[in-house]
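Note on naming: letters A, B, ... go to the chains in the order of the sequence lines (proteins, then strands), and numbering restarts at 1 for each one.
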Protein chains: 2
Amino acid sequence: MQRKSFRTMPCPIARGLDRVGEWWSILILRDAFAGMTRFEEFRESLGIAPGMLSRRLVALVEAGLLERRRYSDTPPREEYVLTPRGEDFRPVLLTLLDWGNRHFAPEGPSVQIVDAATGAPAEPVLVDRATLRPIEAPEFRLVAGPAAGRGMKARLARERPRDLLGRKEISA
Amino acid sequence: MQRKSFRTMPCPIARGLDRVGEWWSILILRDAFAGMTRFEEFRESLGIAPGMLSRRLVALVEAGLLERRRYSDTPPREEYVLTPRGEDFRPVLLTLLDWGNRHFAPEGPSVQIVDAATGAPAEPVLVDRATLRPIEAPEFRLVAGPAAGRGMKARLARERPRDLLGRKEISA
DNA sequence: CGCCTCGCTATCATCATGGAAGTCAGTTCC
DNA sequence: GGAACTGACTTCCATGATGATAGCGAGGCG
């Protein structure tokens, strides 16, 4: 009766969550992106129990998001650094940050993404690299890919007459 | 000794995770975006225990991501629909989907975002709405916002000489 | 030598999860 | 009009996951 794994589900969201969906994992990644590498740094920044931190780090290393390496033999010291797969997670963190800022920061944002050149706050939007059109628009849809099974097709098929992933409209 | 809450942390990522960071929550949202609204739909699609689904739905409603409403009195039937705040979560889901596709779909993607006009697969990139420049670039940084406390500033200050949220370079 | 740091591991009380079964209002079948 | 169904849950309970605290081993510091 252990926690159900999402690993075998065909959905890429489920597969991804299987690696980063646990309590603490994403915050650890956040700190890794902020430049932290050492056990004590994470532990102090997060206020997490050492046992838990240890388990999460092992899981993230196994998932290929972090790499553990010894940077000193005497004294023995380890560090955890983001792998390319881990670095690639940044956009998820940034969209989550933006969402959090817009909905759960009544006193104003505590972190902002700014244009280093102008100092102006940036407003992240997802666009298609080729056309630069916002992916939120009704011109983009989700479709079953080459490796889709029945279940996936069923889920996508029941997609509503709204557009991408079910949106109705963008409220400014 | 209950599960630690992220709600009081100033970080927008932590605040957001406090609402959607539990096991199942994001998959429920995924299905909601796919057009599902009813208890039985979610339960069947996810293979989740009814008790768990019930708790997660209540939490998502309390967090303001879903709205529960009765659409029939006889027989009594409820449905769960995305609120504006929930709809606003879509970009996070899409970046996660893209990340999952690129890293955990060895047999090829099972879901793809495509341009409805051309049918070509879209490649999501985060850009600044005003300048359309990719936010991944070194020209964007994270800075402490108006509501940042000491802890937040400390974390941002120790940011490495890499660029945004610690990236080194984009690997194609 | 005594004390401190870093990176953990060990223990243990308590909480959350997952599975199965039951409830309640109404609907449909025959 | 009674049996069987459906949808949306609730209750219960055996376990696994968490969180707090304590301790350990290798080494450094004064």
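- Between the side chain of A:S45 and the backbone N or O of A:F42 there is no donor-acceptor pair closer than 3.5 Å.
- A:R56 comes within 4.0 angstrom of the backbone, heavy atoms only, and of no base.
- We find that CD1 of A:I28 is positioned 12 Å from P of C:dC8, with the value rounded to whole Å.
- Per the geometry, CG belonging to B:L46 stands 15 Å off C1' belonging to C:dT17, to the nearest Å.
- Each of A:I48 and A:R77 lies near DNA chain D, and the nucleotide nearest A:I48 is the one positioned closer to the 5' end.
- As a whole-Å value, the separation of A:L27 CG from D:dG19 P is 11 Å.
- Rounded to an integer number of Å, the gap from CZ of B:R70 to P of C:dC24 is 16 Å.
- Under the 3.5 Å distance criterion, the side-chain polar atoms of B:R15 are matched with a main-chain donor or acceptor of B:M9.
- Following rounding to the nearest Å, A:L53 (CG) and C:dG7 (C1') show an atom-to-atom distance of 10 Å.
- In this pair, B:W23 and A:F6 present their aromatic rings parallel. The plane angle is below 30°, not in the 30 to 60° band.
- Between D:dT18, C:dA20, C:dT17, one nucleotide has an atom nearer to the side chain of B:M52 than all others, and that is C:dT17.
- The listed nucleotides are C:dG7, C:dT9, C:dT27; the one nearest the side chain of A:R68 is C:dG7.
- The main-chain N or O of A:E123 is never found under 3.5 Å from a side-chain atom of A:D98 such that the two would form a donor-acceptor pair.
- Using a 4.0 Å cut-off, some side-chain N or O of A:S54 falls inside it from OP1 or OP2 of C:dT9.
- Side chain of A:P76, nearest nucleotide from D:dC9, C:dT27, D:dG27: D:dG27.
- For D:dG19, one of the phosphate oxygens OP1 or OP2 lies less than 4.0 angstrom from a side-chain nitrogen or oxygen of A:W24.
- Between A:W99 and A:F104, the angle of the ring planes goes over 60°, which puts this pair in the perpendicular group of the 30/60° scheme.
- Of the side-chain N and O atoms in B:Y80, none sit less than 4.0 angstrom from OP1 or OP2 of D:dG7.
- One atom, CH2 of A:W23, and another, P of D:dT18, lie 10 Å apart when rounded to the nearest Å.
- Among the nucleotides D:dG19, C:dG18, C:dC8, the one closest to any side-chain atom of A:A49 is D:dG19.
- The residue among A:S5 and A:R38 whose nearest nucleotide of DNA chain C is located toward the 5' end is A:R38.
- Taking 4.0 angstrom as the limit, A:R3 places a side-chain polar atom (N or O) nearer than this to OP1 or OP2 of D:dT18.
- Within the 4.0 angstrom heavy-atom criterion, no nucleotide atom of any strand lies near B:R43.
- Looking at the side chain of A:P75, the nearest of the listed nucleotides D:dG27, C:dG7, D:dT21 is D:dG27.
- Closest to the A:E78 side chain, of the nucleotides C:dG19, D:dA8, C:dC8, is C:dC8.
- Taking 4.0 Å as the cut-off between side-chain N and carboxylate O, B:R69 and B:E67 count as a salt-bridged pair.
- As a whole-Å value, the separation of B:E44 CD from D:dT6 P is 12 Å.
- If you check every strand for non-hydrogen atoms under 4.0 Å, B:R55 touches a base.
- Protein atom CZ of B:F39 is 13 Å distant from nucleotide atom C1' of C:dT23, rounded to whole Å.
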